[in-house]
Peer 1: 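Take a look at this one; I'll ask things after.
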Amino acid sequence: MTGPSPQRARLATALRPAAFGADPAGERMERIRRSPNFANGVFTNPGGGRTAPSGSMLKFLPTYFRKEHRVRRAPAGTVPVHPTTLADLATPPASGLRLTWMGHSSVLAEIDGRRVLFDPVWGSRCSPFAAVGPKRLHPVPVPLRELGPVDAVVISHDHYDHLDMPTIRALVRTGTTFVVPLGVGAHLEHWGVPVDRITELDWHESTDVAGLLLTATPARHFCGRALRNTQHTLWASWVVAGPEHRIFHSGDTGYFPGFAEIGKSYGPFDATMIQIGAYSEFWPDIHMTPEEGMRAHVDLQGGEPGRGIMLPIHWGTFNLAPHPWEEPAEGTVTAARAAGASVAVPRPGQPFEPERGLPLELWWRAVAVPSATAAPSATAAPKSAPIVAEGPVDTADGGDAAVPIPQP
């Protein structure tokens, strides 16, 4: 019996590139079917939230491609990446907790002597294709090969702006452990990650990595990488608890009452990393606005906004929604002031220790497209020392930095 013809094999590869990953099967799929969060053949959201964008694409597209709006969805100037990230990371954090936002939802958390890398995306596009899809609006602050060892790589879900095949393949060589929601391990195995270095968790399941307790917690979102989205991989937020500190990473999520329950069970937190970008009225159930993100932060802190700090994530790096590029940062600062909460909005690659002062230089205003709408006052905002920007970033080739692939 002969195998498939070379032509058929090439066609299959073209129709399903490696970046699509793999569907769960075998014992992995049996475990998924046993999950209390899996019903009628799919993973479900808490509170019955949709697992797909709502609204009509016929209404969305004219809004999205209107010229005056399109211009504002990308920065007008060079995004100032922090220039000395590696030098700053060379010394361990004095307080035991340091966060470095690498852009979008990628965060390096140094906590109680260990290092956890959330949703690392070092690729130039969040797409399965090299020449199509949302292009990075600023360079990564440090080359991945120079970042140094990490104890765990934590993935929130399998969308391209959170799970990047080239980045995962590079991290495999470091020997790190991968901690992911149920089903996501199928993608990692497909890309060469050894099974014994993958831990898959359902919501409220935990694992110990190098003395840190990592717990998958609920989120309201959806999954999918290929043309056929089976909803067979789970999405999650994450709690990381060390001997002295605890932190929370939201992944992608709509606002839901479960944040208060997470805070009650696992909080309060020294820092929360909360998604506040790529929102739209067309998908209100699956992404939060800055105001909703701040509400989630307060819920996670037991209703006490003065506890801990919030680091806004999921903005500034890729253009994935119709709102102006700088709006998530502006909205978060405004919401923090209204709530009486502490917020850090660092430049990409700027490490900071929550206990030693928060970076809140309103750096994004210098590179945003001017708007007729007045920005919130900077009065009373604590300022970090001025930081030198890197050289110019070329985002002009093809002009597609501001063109997203709509969420499935």
Peer 1: With no hydrogens and no angle check, do the side chains of His297 and Thr272 hold a donor and an acceptor under 3.5 Å apart?
Peer 2: yes
Peer 1: Are His221 and Asp285 close enough that a side-chain donor and a side-chain acceptor fall under 3.5 Å?
Peer 2: no
Peer 1: Just do the side-chain contact (heavy atoms from CB on, under 4.5 Å) check on Trp101 and Ser106 with the steps written out, would you?
Peer 2: CA-CA 6 Å; Trp101 178 59; Ser106 302; over 6 Å; no
Peer 1: Which residue, Met288, Met273, His162, forms the side chain to side chain contact (heavy atoms under 4.5 Å, CB included) with His314?
Peer 2: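 Output: one option passes, namely His162.
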Peer 1: Return yes if a side-chain donor-acceptor contact under 3.5 Å exists between His245 and Asp270, otherwise no.
Peer 2: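 On atom types as modelled, these side chains do not qualify, holding no pair under 3.5 Å.
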Peer 1: Between the side chains of Gln275 and Trp315, is a donor N or O closer than 3.5 angstrom to an acceptor N or O?
Peer 2: no
Peer 1: Of Thr199, Val239, Leu213, which is the lone residue that meets side chain to side chain contact (heavy atoms under 4.5 Å, CB included) with Ser206?
Peer 2: Leu213
Peer 1: Looking at Pro218 and Ile262, what are the two nearest heavy atoms and their distance?
Peer 2: O-CD1, 3.7 Å
Peer 1: On the six-membered ring of Tyr160, is Arg225 placed so that its NZ or CZ lies under 6.0 angstrom from the centre and within 45° of the ring axis?
Peer 2: yes
Peer 1: Around Arg295, counting heavy atoms of other residues, nucleotides and ligands shown, do more than 12 lie under 6.0 Å from its CZ?
Peer 2: no
Peer 1: Using a 4.5 Å cut-off on heavy atoms from C-beta on, say whether the side chain of Pro149 contacts that of Thr176.
Peer 2: no
Peer 1: Are the aromatic ring centres of His323 and Tyr279 under 6.0 angstrom apart?
Peer 2: yes
Peer 1: Identify the two heavy atoms, one from Gly251 and one from His249, that lie closest to each other, and give their separation to 0.1 Å.
Peer 2: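 Nearest pair, atom of Gly251 first, then His249: N-ND1, 3.1 Å.
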Peer 1: Salt bridge check: are Glu205 and Arg31 linked by an N-O gap of less than 4.0 Å?
Peer 2: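 Here Glu205 pairs with Arg31 in a salt bridge, since their nearest N and O are under 4.0 Å apart.
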Peer 1: With ring centroids as reference points, do His159 and Phe222 lie under 6.0 angstrom apart?
Peer 2: yes
Peer 1: Backbone N or O of Ala236 within a donor-acceptor pair of the Ser156 side chain at under 3.5 Å?
Peer 2: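 Checked: no pair found.
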Peer 1: Write down the atom of Asp158, the atom of Val184, and the distance for their closest heavy-atom approach.
Peer 2: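 Here Asp158 and Val184 meet closest at CB-CG2, 4.5 Å.
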Peer 1: Identify the heavy atoms of Ala216 and Asp202 that sit nearest to each other, and give their distance.
Peer 2: CB-O, 3.5 Å
Peer 1: Checking Thr317 against His138: is there a side-chain donor and acceptor pair closer than 3.5 Å?
Peer 2: yes
Peer 1: Between Asp299 and Tyr255, is any side-chain donor less than 3.5 angstrom from a side-chain acceptor?
Peer 2: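 Yes, Tyr255 and Asp299 have a side-chain donor paired with an acceptor closer than 3.5 Å.
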Peer 1: Looking at every non-hydrogen atom in both residues, tell me the closest pair between Val121 and Asp161 and how far apart they are.
Peer 2: CG2-O, 3.3 Å
Peer 1: Write down the atom of Pro268, the atom of Gln301, and the distance for their closest heavy-atom approach.
Peer 2: CB-OE1, 3.3 Å
Peer 1: Any side-chain donor paired with an acceptor under 3.5 Å for Ser237 and Ser250?
Peer 2: no
Peer 1: Give a yes or no on whether Arg34 atom CZ has more than 12 heavy-atom contacts from other residues, nucleotides or ligands under 6.0 Å away.
Peer 2: yes
Peer 1: Do Asn45 and Trp235 have side-chain atoms, one donor and one acceptor, less than 3.5 Å apart?
Peer 2: yes
